[in-house]
Amino acid sequence: MQCLLCCVGTYVRMVRRAPLEGLLLVYGCVALVSAAVRPRRQAGEAGLDYPTYSEVPFGLSFTCEDKLPGYYADPEAQCQVWHWCVSQTTKYSFLCPNRTLFNQLYRVCDWWFNVDCADSPASYNINEDLYKVPETSLGRELLREEEGGDQTVEETQLMEDEVVTGDQQPQQSQVQEEELRQQEQLVEQQQEPQLLQQEPQLQQQEQEQPQQEEMQQQEEIQQQEEQQPEEPSEV
């Protein structure tokens, strides 16, 4: 205030000499005073301008029973608390950081001096925008239907057929794998009794094989002895 009075006094003295310089001086004084006042306004006073909860207060009366799924500021907790309504029976509650409140218009925590907490319930219907289809996409679909006519129906049918065939391919591969597994099991079951029958024969062959080899060796030795010429007898 003293600064402003000094500026006014200086302006009165300078107006007589240089009116333009006096106007510039007053403009600078006003900007200086407003800059000095703004931080005080933004800082605010805890407990008066904004709450300082360390956790969500117990026993709040807010309910999701009559509301759409979405995000809601709680005026009962001075909008530092906000609720996420997943359904009419399920909700989760959260705190905004100190000096911030839940801005219902933008569904975010904002500085306390940007939020009108008392007017938040009037903007609850903004959550309807979360589930609206953009008008641009609806307009494009209508234009396609008007221009294409039956072509749009054919395109949708082709897309559905592709989806169906895409779903059937993995199912068919699974069926084929199961059939191959069943065939392998059947072959194994058929081969098991044959293998069981062949086992004693194989064992007998393994036992007879060394005997046969010995017989062959003896026969070869006898043949060699018979083929040797007899030594002449001495007279």
Could you tell me which residues satisfy side-chain hydrogen bond (donor to acceptor under 3.5 Å, both in side chains) with [X], sequence neighbours excluded, listed by chain and number?
X   : answer
S61 : E76
Q80 : N98
T63 : none

| message | One pair to check against side chain to side chain contact (heavy atoms under 4.5 Å, CB included): L130 and Y71. What are the steps and the verdict? | response | CA-CA 10 Å; L130 295 172; Y71 310 98; 4.1 Å; yes
Taking every non-hydrogen atom, the tightest pair across [X] and [Y]:
X    : Y   : result
K67  : Q88 : O-CG, 3.9 Å
P51  : Q78 : CB-OE1, 3.4 Å
N127 : P69 : CB-O, 4.2 Å
K91  : C64 : CB-SG, 3.4 Å

| query | Do L101 and L105 belong to the same hydrophobic cluster, where Ile, Leu, Val, Met, Phe, Trp and Tyr are linked whenever their side-chain heavy atoms lie under 4.5 Å apart, directly or via other members? | reply |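 No, no single cluster joins them.
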| task | Please answer: with hydrophobic residues joined when any side-chain heavy atoms are less than 4.5 Å apart, are V108 and F102 in the same cluster? | result |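 In one cluster with V108: F102, no.
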| query | Where do C109 and C96 land on the disulfide bond (SG atoms under 2.5 Å apart) test, with the steps shown first? | reply | CA-CA 6 Å; C109 292; C96 286; 2.0 Å; yes
What distance separates [X] [atom1] from [Y] [atom2], expressed to the nearest 0.5 Å?
X    : Y    : atom1 : atom2 : value
N103 : W112 : CG    : CH2   : 14.0 Å
E179 : R181 : CD    : CZ    : 12.0 Å
Q217 : M215 : CD    : CE    : 11.5 Å

| query | Residues two or more places apart in sequence or in another chain: which of them pass ring-ring contact (aromatic ring centres under 6.0 Å, His included) with F94? | reply |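 Partners of F94 under the ring-ring contact (aromatic ring centres under 6.0 Å, His included) test: W82.
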| Which residues pass the ring-ring contact (aromatic ring centres under 6.0 Å, His included) test with Y92, sequence neighbours left out? |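 Listed in chain order: W84.
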Please write out which residues are connected to [X] in a hydrophobic cluster, directly or through intermediates, given that two of Ile, Leu, Val, Met, Phe, Trp, Tyr count as joined at side-chain heavy-atom separations below 4.5 angstrom.
X    : answer
Y72  : F62, L68, Y124
V81  : Y53, V56, L60, L95
I126 : none
I221 : none

Let me have the donor-acceptor pairs involving side chains of residues 114-123, under 3.5 Å, with sequence neighbours excluded, atom names and distances please.
{"unit_1": "N114", "atom_1": "ND2", "unit_2": "D110", "atom_2": "OD1", "d": "3.4"}
{"unit_1": "S120", "atom_1": "OG", "unit_2": "C117", "atom_2": "O", "d": "3.0"}

| Donor-acceptor pair, side chain of T90 and main chain of S87, under 3.5 angstrom |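 Flag not set: sc T90 to bb S87 has no pair under 3.5 Å.
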| Those residues that, when tested against D66, pass salt bridge (Lys or Arg N to Asp or Glu O under 4.0 Å) (two or more places apart) |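 For D66, no residue satisfies salt bridge (Lys or Arg N to Asp or Glu O under 4.0 Å) once neighbours in sequence are set aside.
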